[in-house]
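For reference, the structure is listed below as structure tokens.
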Amino acid sequence: MLDPRLLRNSLHETAEVLATRGFKLDVVAYEELEEKRKSLQIETQDLQNERNTRSKSIGKAKASGEDIAPLLAEVSELGEKLDAAKDALEHVQNALNIFYQETPNLPAKEVPVGKDEADNVEVTKWGEIPKFDFDVRDHVDISERISNQAGKGLDFETAAKLSGSRFVVMNGAIARMHRALAQFMLDVHTQEHGYQEVYVPYLVNSDSLYGTGQLPKFGEDLFHTKPATEEGQGMSLIPTAEVPLTNIARDHIFADTELPLKMTAHTPCFRSEAGSYGRDTRGLIRQHQFDKVEMVQLVLPEQSMDALEELTSHAEAILQKLGLPYRKVILCTGDMGFGSCKTYDLEVWLPAQNTYREISSCSNMGDFQARRMQARYKSKDMKKPELLHTLNGSGLAVGRTLVAILENYQQADGSVKVPEALVPYMNGLTEINVT
RNA sequence: GGAGAGGUGGCAGAGUCCGGUUGAAUGCACCUGACUUGAAAUCAGGCGAAGGGUCAAACCUUCCGGGGGUUCGAAUCCCUCCCUCUCCGCCA
């Protein structure tokens with residue numbers, strides 16, 4: 001959520017900036033509502049004031065034994081007026097709330113203006129793109145030749161029987177490497193990057209989803225145990241650990257000395273991928289369920305831009321340690337997520353696709369989520385608590401990292417080398433052989 | 001699943017039976033000042049949030065888990081939902 005004052009005080013400038021993200025703010029409708037809100041609020045408060053004053057005098061009169069019947073008669077129609085004013089105000093306020101809730105964050109000034117993915121700007125490239133003197137296989141082909149008694153390394157057919165499309169069963173050394181990757185990432189972040197390891201719920205309530213911005217606008221991307229909009233509170237499967245990790249700060253006031261707070265968690269993530277039926281149907285790239293190691297930082301406002309650079313470098317460190325070539329792009333205004341004011345994507349090289357694919361997304365959300373969550377901090381010389389800033393990033397998406405290793409480390413005979421950094425996590429195994 | 005207790009300011013904790021001047025006693029924490037070489041201790045004062053209003057104030061409104069109701073008036077009465085705790089049962 002944006003600061004309401006931004007819309008109230010500099011509506012047109014704000015609308016212009018939002019337009020660079022492809023968001024059309026209905027300025028006329030907003031102004032009309034805001035004007036109504038103001039007059040209705042003043043009217044309502046005046047009526048409430050009158051009611052309060054009269055009620056108090058009734059109380060006094062009663063206490064001193066006077067007859068209160070005439071006083072009661074005076075107030076009789078006040079209640080109806082008040083109710084009408086309240087209803088009208090509530091109506092307008094609800095309409096305004098929709099504006100506030102559905103308006104995305106403002107991009108930082110340095111974010112390149114653009115329409116979509118194609119306008120993202122490459123910042124850096126790392127690593128050598130591997131050259132193969134044989135026909136490269138994609139991770140699905142590779143994994144089919146690495147099996148165990150239970151089945152193929154990546155078994156999509158069995159998963160489809162169990163659950164449906166976009167699920168996977170992993171077997172043997174592939175499953176082992178998947179597990180090893182998550183352990184490795186957690187160890188690096190906790191031991192080298194200063195993150196606190198956290199275990200979180202995978203089912204969350206709608207307040208949490210609202211806090212990080214998934215609701216009310218993006219509910220169809222999630223799996224719900226029952227409709228979250230219904231009364232009675234259905235819980236939803238987390239689409240990312242960002243949701244539980246960030247909401248730890250909800251309705252909390254931190255001492256400034258407690259910040260920055262850096263947290264990391266390994267969780268499964270669940271996404272319905274409602275809008276992507278035709279895309280990435282083969283392999284592990286786009287699944288309804290995937291594992292991810294997430295990093296979240298809660299920081300002082302003036303530190304959040306530096307923190308974004310730092311957090312992104314933490315995700316890069318994993319790719320570098322694994323020796324995976326990647327590039328870092330800054331997302332343009334049109335491609336950024338709803339709550340972000342600046343986002344870097346890390347894209348790993350996938351030989352079989354002959355292109356870079358997203359493996360991490362690191363965002364500074366500014367105070368956007370904090371305002372929704374009422375996540376604040378206070379220092380000794382501050383009179384009032386202020387909103388803190390939140391950041392999050394994948395460090396990394398585990399499934400896609402597995403894909404990248406299988407494809408980048410494949411050898412002519414179909415075997416796959418284990419990246420050096422991962423060998424200790426694979427019980428000393430240096431190579432996964434064809435079976 | 002059964003039985004009971006409870007959700008109040010940064011925290012702890014009164015008030016709820018018998019509705020009125022209670023945004024809320026008290027303690028802790030915190031801030032300012034006095035005393036002190038400094039600190040501690042002591043004393044005096046201050047100290048919730050959101051919104052409106054103002055140059056700034058004054059001032060006004062709302063908020064005692066969420067929602068609804070009764071009433072001129074609700075932290076206090078009624079309904080409902082959520083959550084926490086204790087005991088019993090079941091269980092990884």
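Naming: A, B, ... by sequence-line order, numbering from 1 per chain.
- Under a cutoff of 6.0 Å and an axis angle of 45°, A/Arg400 and A/Phe290 do not form a cation-pi pair.
- Residue pairs meeting the ring-ring contact (aromatic ring centres under 6.0 Å, His included) criterion with at least one partner in residues 165-194 of chain A, sequence neighbours excluded, are A/Phe167-A/His288, A/Phe184-A/Tyr425, A/His189-A/His193, A/His189-A/Tyr195, A/His193-A/His314.
- In this model, the phosphate group of B/rC60 is not approached by any side-chain N or O of A/Asn52 to a distance below 4.0 Å at OP1 or OP2.
- Here A/Asn49 reaches the OP1 or OP2 of B/rU61: one of its side-chain N or O atoms lies under 4.0 Å away.
- Consecutive Watson-Crick or G-U pairs involving RNA chain B, each under 3.5 Å on both distances, make up stems of three or more pairs at B:1-7 with B:82-88, B:10-12 with B:26-28, B:30-34 with B:42-46, B:48-52 with B:59-63, B:65-69 with B:77-81.
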Give me, pair by pair, the N or O atoms of the protein and of nucleotides 45-50 of chain B that are less than 3.5 Å apart, along with how far apart they are.
from	atom 1	to	atom 2	distance (Å)
B/rA50	OP2	A/Lys384	NZ	3.3

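- Both A/Thr44 and A/Glu90 lie near RNA chain B, and the one whose nearest nucleotide falls closer to the 5' end is A/Thr44.
- Side-chain polar atoms of A/Thr246 and A/Thr212 form no donor-acceptor pair below 3.5 angstrom.
- Regarding A/Asp251, its CG atom lies at a distance of 16 Å from the C1' atom of B/rC11, rounded to whole Å.
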Identify the pairs formed between an N or O of the protein and an N or O of nucleotides 53-55 of chain B at a distance under 3.5 Å, and give each distance.
from	atom 1	to	atom 2	distance (Å)
B/rG53	OP1	A/Lys38	NZ	3.0

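- Under the 3.5 Å distance criterion, with hydrogens and angles disregarded, no donor-acceptor pair is assigned to the side chains of A/Ser55 and A/Asn52.
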Tabulate atom names and distances for all N/O pairs under 3.5 angstrom spanning the protein and nucleotides 19-23 of chain B.
from	atom 1	to	atom 2	distance (Å)
B/rG20	O6	A/Lys62	NZ	3.1
B/rG20	N2	A/Ser55	O	2.8

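- Residue pairs meeting the salt bridge (Lys or Arg N to Asp or Glu O under 4.0 Å) criterion with at least one partner in residues 14-31 of chain A, sequence neighbours excluded, do not occur; the list is empty.
- Side-chain to base pairing of A/Gln41 with B/rG51: no donor and acceptor N or O lie closer than 3.5 Å to each other.
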